[in-house]
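A note on names: the letters A, B, ... follow the listed sequences, proteins ahead of strands, and every chain is numbered from 1.
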There are 2 protein chains.
Amino acid sequence: MSEILYNNKRNNKWGVPMENSKNEKTYETLRDMIFNGDLKKGEKITETNLANTLGISRTPVREAIRRLEQEKLIDNNRIANPTERDYQDIFEMRILIEKFAVAKATQFFSPSDIEELENYVEIGYSGELEAKMDVNKSFHEKIVNGTKNKMMIEYFNQMQSIIYLFRKTVLSYKRPGLIDEHKEIVTAIKERDTERAEKLIVEHLKADLEFGLYYLRDDE
Amino acid sequence: MSEILYNNKRNNKWGVPMENSKNEKTYETLRDMIFNGDLKKGEKITETNLANTLGISRTPVREAIRRLEQEKLIDNNRIANPTERDYQDIFEMRILIEKFAVAKATQFFSPSDIEELENYVEIGYSGELEAKMDVNKSFHEKIVNGTKNKMMIEYFNQMQSIIYLFRKTVLSYKRPGLIDEHKEIVTAIKERDTERAEKLIVEHLKADLEFGLYYLRDDE
DNA sequence: TATCTCAAAAATGTATACAAATTATACTTA
DNA sequence: TAAGTATAATTTGTATACATTTTTGAGATA
């Protein structure tokens, strides 16, 4: 399992994320248990149980659960089992943010920013499956970070957990053309062609969703 | 102080918000203390102190603080003191959402939906200051709810707390033309003129922000 | 005076005990 | 049998005690 942290850590006074030790670790553990299926979709959970399983008290479990509820990985004392509609909603929101972000990118990205994106494309072609997944995330993250809008970036990051679950479920990083589309987007950014970049990223995200939903429908 | 609940309640299995008693009440109390200035912007807070003040244990205070952190009303053990930049970021996000939402409204709002909006405009003209504030919120909320996108609606609601703080600080509901703009937007929706409605709401929100920032600059 | 060090104080993190609420189960009754 | 009801079991909410970390502040030293 990859080491990516879809994080939401609280910051200390220097703005540096701190390890709230148990709290933080519990959150990560539970999140990973959801991702890798140790905790199954729709499964009922209790604080008591999880605390026993992890050999700690309910207090840190409680806080971890609250965070996971925030990210919609837990809902109503159950492990999330997002519906098609849930995914559509998320992608609708994502499209709004990323369309805005890519426009900023065409206006403001420096050559080195663009180089970074090209690098992700490169790895997307050549890397292992695990690397592909990471790099796909980095690609979109890089673009969204370009908004420099703290709130927007935070909301985007919060959505990552569900998006990760989606990708994992439907293996959508295997979708044909995915990296080609990334490449085209970078080209549009490079050419400072805002409208084209917007159009491309919207299509890219819609294709992603459609591909995913197609396989999701078999699963359930 | 108005009774509006910028809520984020957890739901029970029937989807009905439940009163987590102390937890919920503590959240509301603290939020209102922030809104009405009992807790001042930038003021340092501690769980211990608040618990003593409210005459309860730290546990529910803790959870309430977490929720307020989520809404950015508390940050880093201090009552929030948003910067101009923070407000700009929020409005950037808001514009994205509301522009999308108003487009949906022009496409899908029924006569009775539109009537509801007209009603808010009416009260906006005739009502007391308190009512004006409520109705302004209802107006925008109605439009955003029209997206029927749960995630979008939730994020929008989360932003309401900071937006409320902003309005309260700068009395932006007193802005000249505010209700006229609402009226124009309703007209555009009624005429199913998507582009015009989008344009108007974006201008409306930008004007709101500018007006607010103008007065905010004096304050600090 | 400035800043450094270290102990005391205070705050937060975590565990645990108890209370209140919810859920499950066995029994009753129609 | 189905539906309802009362009680037991479980679970979550809240308080409290203790552990660990962070902050404060007094005194030492340059």
Does a donor on one side chain and an acceptor on the other come within less than 3.5 Å for B/Tyr164 and B/Glu71?
no
Under the salt bridge (Lys or Arg N to Asp or Glu O under 4.0 Å) test, which residues partner A/Glu210, sequence neighbours left out?
none
Once salt bridge (Lys or Arg N to Asp or Glu O under 4.0 Å) is applied, do any residues pair with A/Glu181, and if so which ones, sequence neighbours excluded?
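For A/Glu181, the residues satisfying salt bridge (Lys or Arg N to Asp or Glu O under 4.0 Å) (neighbours in sequence not counted) are A/Arg175.
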Residue pairs passing the ring-ring contact (aromatic ring centres under 6.0 Å, His included) test where at least one lies in residues 62-95 of chain B, sequence neighbours excluded
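Applying ring-ring contact (aromatic ring centres under 6.0 Å, His included) to every pair that reaches into residues 62-95 of chain B, excluding sequence neighbours, yields B/Tyr87-B/Phe166, B/Phe91-B/Phe166.
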Which ring-ring contact (aromatic ring centres under 6.0 Å, His included) pairs, counting each pair once, include a residue from residues 95-123 of chain A, with sequence neighbours left out?
none
Looking at B/Arg62, does any N or O in its side chain come under 4.0 Å of the phosphate oxygens OP1/OP2 on C/dG13?
yes
Using atom names, set out every protein N or O paired with an N or O of nucleotides 15-20 of chain C below 3.5 Å, distance rounded to 0.1 Å.
from: C/dA15; atom 1: OP1; to: A/Lys22; atom 2: NZ; distance (Å): 3.2
from: C/dA15; atom 1: OP2; to: A/Ser57; atom 2: N; distance (Å): 2.9
from: C/dA15; atom 1: OP2; to: A/Ser57; atom 2: OG; distance (Å): 2.6
from: C/dA15; atom 1: O5'; to: A/Ser57; atom 2: OG; distance (Å): 3.4
from: C/dA15; atom 1: N7; to: A/Thr59; atom 2: OG1; distance (Å): 2.8

Please state how far atom [atom1] in [X] lies from atom [atom2] in [N], giving the value in whole angstrom units.
| X | N | atom1 | atom2 | result |
| --- | --- | --- | --- | --- |
| B/Lys44 | D/dT23 | NZ | C1' | 7 Å |
| A/Glu24 | C/dT14 | CD | C1' | 16 Å |
| B/Arg78 | C/dT12 | CZ | P | 12 Å |

side-chain contact (heavy atoms from CB on, under 4.5 Å) partners of B/Ile90, counting only residues at least two apart:
A/Met151, B/Met159, B/Ile162, B/Ile163
Report which part of the nucleic acid A/Thr48 touches: base, sugar-phosphate, or nothing (heavy-atom distance under 4.0 Å, all strands).
base
